[in-house]
Amino acid sequence: MVDFKYYTPTEVVFGKDSEAQLPGLVRKWGGTKVLIHYGGGSVVRSGLLAQVKKQLDEAGIAWVELGGVVPNPRLSLVYEGIELCRREGVDFLLAVGGGSVIDSAKVIAYGLQYDGDVWDIYDGKHTPVASTPLGVVLTIPASGSEMSDSAVITKDEGLVKRGCNSDLCRPRFAIMNPERTYTLPPYQTAAGVTDIMMHTMERYFSHDDDMLLTDAMAEALMRTVKECGEKVLADPQNYQLRAQIMWAGSLAHNNLTGCGTTSDFATHRIEHELSSTFDATHGAGLAAIWPHWAEYVLAENPTRFAQFAVNVVGVPNDFKSPERTARAGIAAMVDFYHRIGMPANLPELIGRPATEEEIAEMAFKATRGRTVLLGNLKKLGYDDVVAIYRMANKA
Ligand code: NZQ
Ligand code: ZN
């Protein structure tokens, strides 16, 4: 078990009436003028945006709004947000939406506390030292951004998608009402389920082998999300199922399931090039890559993959061969992805194979121009990443 720090300062308010606590939470965390940040319209259609505005009005809390965050959020809107907040004297950011909205708000929050170009943080030229406080009203369980230390943004020119990790950006509070997720399209529900599982899988597949408690929690979380994910697609308004998935989404990425393990996150880094290049949904991109990453790195720790196969995916243990058990587990995950409507390779994700040029470019960007290695279970350089994209490219 490796040493760890566990820091989750986000105040979670979970349940059917959780939104009612919004004005009190904004006040508690010092908000006097709020930017309400949201996406492409789901919160308008659902009435949530109108409800949030009404609540703030009734509490006498001033606000301005900025909608239009797209999935795989863009830096250009962040710049707009920074300008708007400075002009209006905003001192609190409220993200009403999913990972894209939350991340966009997090980057605005960094930008408000920095005189230079906020992209400097993503270019390695500046380390953030402060961030304007932000809160979340979550509408899609997936990214875990409502409790995570991560903010992922895409620079419009060159479609460069990068993440930054710092405790500074962890939301002050997260309001989570599972009923708000009833309207999610099946594809987004399934992509969310995939992403949630993957955040724990990225922490689970390591060389460390003596973190029994973390393993037990991680396996329970992955099993729960897998089972409830499949069921909720047939029963989208089932509160119990939606609630399990929503809570798991936060726990999967607030590092609870990473205590004592060395995280990998190569699948994420490889996927981010798919969502920036093809504007793919992040969770779907993960499903298209993971089985191939798993095949590629399996030999590094076959018993770990076998444990996952038995304890999470429920395949019988072939005691004579951990490799065979492991491969059966990967095949079962491919079946699972297909059952929930997710792709399990690149042609299924983007409707055609990627070209060799696209693969080379994505591998180049993922490894920051061949200067960094991805992952930990097996450290992957440019050639490894190309090999994984090629494996994923076969239908
Ligand atoms: O834009 P609107 O109209 O709101 O529609 C959204 C969007 O099209 C829709 N949606 C959200 N809630 C809904 C709803 N539709 C109907 N009913 C609802 N209740 O769903 C679509 C996807 O939303 P998005 O916010 O993009 O999804 P997600 O939460 O999966 O976020 C994805 C982004 O998060 C990043 C990803 O890379 C991607 O950019 N990630 C952020 C992480 C973090 N900060 O910790 C970690 C993750 O690994 C991930 O990289
Ligand atoms: Zn993710």
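We count ligands from 1, going down the list as the structure has it; atoms in each ligand are counted the same way. Owing to the predicted nature of the structure, the values given are computational and were not obtained by experimental measurement. Numbering of residues begins at 1 and proceeds along the displayed sequence.
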Going by the order shown, which atoms of ligand 1 are within less than 4.0 Å of some heavy atom of [X]?
{"X": "N72", "answer": "38 (C), 39 (O)"}
{"X": "H253", "answer": "45 (O), 46 (C)"}
{"X": "H199", "answer": "46 (C), 47 (C), 48 (O)"}
{"X": "P73", "answer": "39 (O)"}
{"X": "G39", "answer": "1 (O)"}

Report the part of [X] in contact with ligand 1, treating N, CA, C, O as backbone and CB onward as side chain, heavy atoms under 4.0 Å; options are side chain, backbone, both, neither.
{"X": "S148", "value": "side chain"}
{"X": "S42", "value": "both"}
{"X": "D103", "value": "side chain"}
{"X": "K161", "value": "side chain"}

[Y]/[X] salt bridge by N-O under 4.0 Å criterion:
{"X": "R162", "Y": "D123", "result": "yes"}
{"X": "R304", "Y": "D215", "result": "yes"}
{"X": "D318", "Y": "K320", "result": "no"}
{"X": "K161", "Y": "E273", "result": "no"}
{"X": "D167", "Y": "R170", "result": "yes"}
{"X": "E358", "Y": "R352", "result": "yes"}
{"X": "R327", "Y": "E323", "result": "no"}

Exercise. Any N/O/S atom, backbone or side chain, of H253 lying under 2.8 Å from the Zn ion (ligand 2)?
Worked result: no
Can you tell me the protein heavy atom closest to [atom] and the distance?
{"atom": "atom 1 (O) of ligand 1", "answer": "G40 N, 2.7 Å"}
{"atom": "atom 29 (O) of ligand 1", "answer": "G99 N, 2.7 Å"}
{"atom": "atom 12 (N) of ligand 1", "answer": "T139 OG1, 2.9 Å"}
{"atom": "atom 30 (O) of ligand 1", "answer": "A142 CB, 3.4 Å"}
{"atom": "atom 13 (C) of ligand 1", "answer": "L184 CD2, 3.4 Å"}

Problem set entry | Donor-acceptor contact below 3.5 Å, side chain R242 vs main chain P236 | yes
For this session: Using modelled atom types only, decide if a donor and an acceptor are shared between the side chain of K106 and the backbone of S145 within a distance under 3.5 Å.
Result: yes
Exercise. From H292 NE2 over to N345 CG, what is the distance, rounded to the nearest 0.5 angstrom?
Worked result: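 Separation between the atoms: 5.5 Å.
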Problem set entry | Sub-4.0 Å heavy-atom approach of H272 to ligand 1 |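 In this structure, H272 qualifies as a contact of ligand 1 - some heavy atom is under 4.0 Å.
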Exercise. Is there a heavy atom of G192 sitting under 4.0 angstrom from any atom of ligand 1?
Worked result: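 False for this residue.
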Exercise. Can you find a heavy atom in the side chain of I36 that is under 4.5 Å from one in the side chain of V64?
Worked result: no
Exercise. Protein heavy atoms: any of them under 4.0 Å from atom 33 (C) of ligand 1?
Worked result: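 It does: a protein heavy atom is found less than 4.0 Å away from atom 33 (C) of ligand 1.
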For this session: Measure from atom 47 (C) of ligand 1 to the protein's non-hydrogen atoms and state whether any distance is below 4.0 Å.
Result: yes
Judged on heavy-atom distance to [atom], which of [options] sits nearest?
{"atom": "atom 25 (O) of ligand 1", "options": "S100, P141, P71", "result": "S100"}
{"atom": "atom 20 (O) of ligand 1", "options": "R45, Q188, R74", "result": "Q188"}
{"atom": "atom 27 (O) of ligand 1", "options": "D149, I140, N254", "result": "I140"}
{"atom": "atom 16 (C) of ligand 1", "options": "T281, V101, V96, T183", "result": "T183"}

For this session: Please note down the angle at the Zn ion (ligand 2) between NE2 of H199 and NE2 of H268, to the nearest 10°.
Result: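 That angle works out to 90° after rounding to 10°.
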For this session: To the nearest 10 degrees, could you say what angle the Zn ion (ligand 2) makes with NE2 of H282 and OD1 of D195?
Result: 90°
Exercise. Any N or O on G144 sitting closer than 3.5 Å to an N or O of ligand 1?
Worked result: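 For ligand 1, there is no N or O atom that lies under 3.5 Å from one belonging to G144.
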Exercise. When only distance counts, is T181 in polar contact with ligand 1, meaning an N/O pair under 3.5 Å?
Worked result: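 T181 vs ligand 1: no N/O contact under 3.5 Å.
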Exercise. Does Y122 have its ring centroid less than 6.0 Å away from the ring centroid of W119?
Worked result: yes
Problem set entry | Within 45° cone and under 6.0 Å: K33 NZ/CZ vs F92 ring | no
For this session: Assess R370 against Y382: is NZ or CZ under 6.0 Å from the centre of the six-membered ring, and within 45 degrees of the ring's axis?
Result: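 Yes, R370 and Y382 form such a contact.
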Exercise. When clusters are formed by joining ILVMFWY residues with side-chain heavy atoms under 4.5 Å apart, either directly or through shared neighbours, do M333 and V312 land in the same one?
Worked result: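 Yes.
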For this session: Step by step, work out the side chain to side chain contact (heavy atoms under 4.5 Å, CB included) result for H272 and K365.
Result: CA-CA 10 Å; H272 278 172; K365 281 159 95 177; over 6 Å; no
